Amino acid sequence: MAATIIDGTQIAGEVKHQVAEGIARLKAAGHPVRLTAVIVGTTPAAEIYAARQAEGCRAIGIDYNLIALADDISNRDLRAEIRKLSADPQVTGIMLHLPLPSHIDSARVQYAIDVVKDVEGVNPANIGYVMYKHVVIAPCTAMAAVELIKHTGVHMEGAEAVVVGASHIVGKPIALLLTEQMATVTICHIATRDLKYHTRRADILITAAGKPGLITADHVREGACVIDVGINRVTLPDGTRKTVGDVDFDAVKEIAAYLTPVPGGVGPMTVAMLLKNTLRSAELLAGVKEG
Ligand code: NAD
């Protein structure tokens with residue numbers, strides 16, 4: 001039987017609706033909700049992305065501003081900018097657009113983002129808090145993947161979950177959140193000897209490798225829930241460009257019970273989680289919620 005396709009755009013819409021209500025309540029009580037995005041050395045693609053983000057924020061009542069910095073800014077000056085925003089009481093959320101120019105030490109800049117204002121959950125302190133079950137702000141993409149699984153109704157407790165990809169910001173946080181849900185988690189990465197051996201055991205398979213076509217029907221157990229986090233731009237034989245995930249969608253949809261599409265799966269849900277985190281940051285700063 002063909003898989004149920006998980007509609008990330010629709011689920012994200014429901015989340016945004018709830019977030020908008022929370023923001024309206026907070027602002028009515030006189031608390032600021034402001035997301036400040038920082039971009040270093042703009043490109044046309046980054047500008048389009050930032051403009052969309054501004055639109056998305058304003059549509060649900062989040063005040064938004066973008067600070068564009070020159071691409072030759074020093075590490076020290078960039079960290080100083082971030083610290084200034086961290087200390088500004090009118091700024092309740094901070095987002096740093098990646099990639100940064102090659103001379104910038106991205107991780108050290110991310111460390112300068114105030115833990116509560118870190119709406120993307122990129123400060124390692126926030127990942128550490130997840131480990132200790134004391135979540136302040138969890139990384140957006142990991143939250144998105146787990147929320148989509150929850151939406152299917154598939155039980156995570158006791159399930160065999162396999163995560164393909166072990167990056168600090170995507171794969172490992174997903175594995176942590178699944179562990180919190182009491183799944184039995186295996187993390188695979190580029191040095192995994194027999195990927196198929198692991199993925200075929202998975203009740204829940206999450207792939208975040210950034211490799212188009214990595215997960216074929218042969219990698220998937222019948223009836224599995226498959227979440228495709230990968231975003232890859234590929235050129236088709238006719239020369240047109242297309243965005244695909246890591247999963248061979250057409251083949252895997254005949255085997256899996258649930259499958260996310262790319263685009264339209266984890267991507268829109270990640271944006272919704274960023275907005276949800278922006279509300280949470282503002283609530284924590286206003287003291288209406290505890291971290
Ligand atoms: P990364 O390059 O930092 O990490 C990739 C991970 O995949 C590494 O751990 C690597 O060991 C593993 N890997 C690579 N090739 C593999 C293979 N052949 N077999 C097994 N493991 C392999 O990438 P990232 O930042 O974690 O992002 C991963 C993917 O997720 C990318 O396609 C990225 O665009 C996408 N992404 C999507 C969203 C979203 O909102 N949907 C958000 C962030 C990242």
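Just so you know, ligand 1 is whichever comes first in the structure, and atom 1 is the first atom listed for that ligand. Please read all numbers here as calculations on a predicted model, not as lab measurements.
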Do [X] and [Y] get their side chains close enough for a donor-acceptor pair, meaning under 3.5 Å?
X	Y	result
Glu14	Gln10	yes
Asp114	Ser86	no
Asn75	Asp105	no
Asp218	Thr216	no

Against ligand 1, does Val229 come closer than 4.0 Å with any heavy atom? yes
Are any of the N/O atoms in [X] less than 3.5 Å from those in ligand 1?
X	value
Thr270	yes
Leu214	no
Ile190	yes

Looking at Asp63 and Arg58, does any basic side-chain N land under 4.0 Å from a carboxylate oxygen? no
Regarding Asp88 and Arg34, does a basic nitrogen lie under 4.0 Å from an acidic carboxylate oxygen? no
Selected option - heavy-atom contact closest to [atom], from [options]:
atom	options	result
atom 31 (C) of ligand 1	Gly210, Ala142, Ala208, Ala144	Gly210
atom 7 (O) of ligand 1	Cys140, Ala209, Gly171, Pro139	Ala209
atom 43 (C) of ligand 1	Thr207, Thr141, Asn232	Thr141

Report the nearest protein non-hydrogen atom to atom 33 (C) of ligand 1: residue, atom name, distance rounded to 0.1 Å.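 In this structure, atom 33 (C) of ligand 1 has Ile231 N, 4.2 Å as its nearest protein heavy atom.
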Atom 21 (N) of ligand 1 - nearest protein heavy atom and its distance: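 The closest one turns out to be His189 C, 3.1 Å.
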Just verifying a value: how many Å separate Ser106 OG and Leu100 CG, rounded to the nearest 0.5 Å?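 The CG atom of Leu100 is 4.0 Å from OG of Ser106, to the nearest 0.5 Å.
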Which of the numbered atoms in ligand 1 are below 4.0 angstrom from a heavy atom of [X]?
X	value
Gly267	40 (O), 41 (N)
Gly165	6 (C), 7 (O), 9 (O), 12 (C)
Ala166	6 (C), 8 (C), 9 (O)
Val170	26 (O), 43 (C), 44 (C)
Ser167	3 (O), 4 (O), 9 (O), 24 (P), 26 (O)

Ile206: which of Leu178, Val170, Val162 passes side-chain contact (heavy atoms from CB on, under 4.5 Å): Leu178
Thr207 and its side-chain contact (heavy atoms from CB on, under 4.5 Å) partner, picked from Leu195, Val163, Val164: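 Result for side-chain contact (heavy atoms from CB on, under 4.5 Å) with Thr207: Val164.
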Mode of Val164 contact toward ligand 1 - side chain, backbone, both, neither (heavy atoms, under 4.0 Å): side chain
Which is it for Lys211 and ligand 1 at heavy atoms under 4.0 Å: side chain, backbone, both or neither?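 It is the side chain that touches ligand 1; the backbone stays farther off.
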Minimum side-chain heavy-atom gap Met143-Asn277 below 4.5 Å: yes
Measure from atom 2 (O) of ligand 1 to the protein's non-hydrogen atoms and state whether any distance is below 4.0 Å.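 Not a single protein heavy atom is under 4.0 Å away.
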Are Tyr64 and Ile137 in one and the same hydrophobic cluster, where Ile, Leu, Val, Met, Phe, Trp and Tyr link if side-chain heavy atoms are under 4.5 Å apart? no
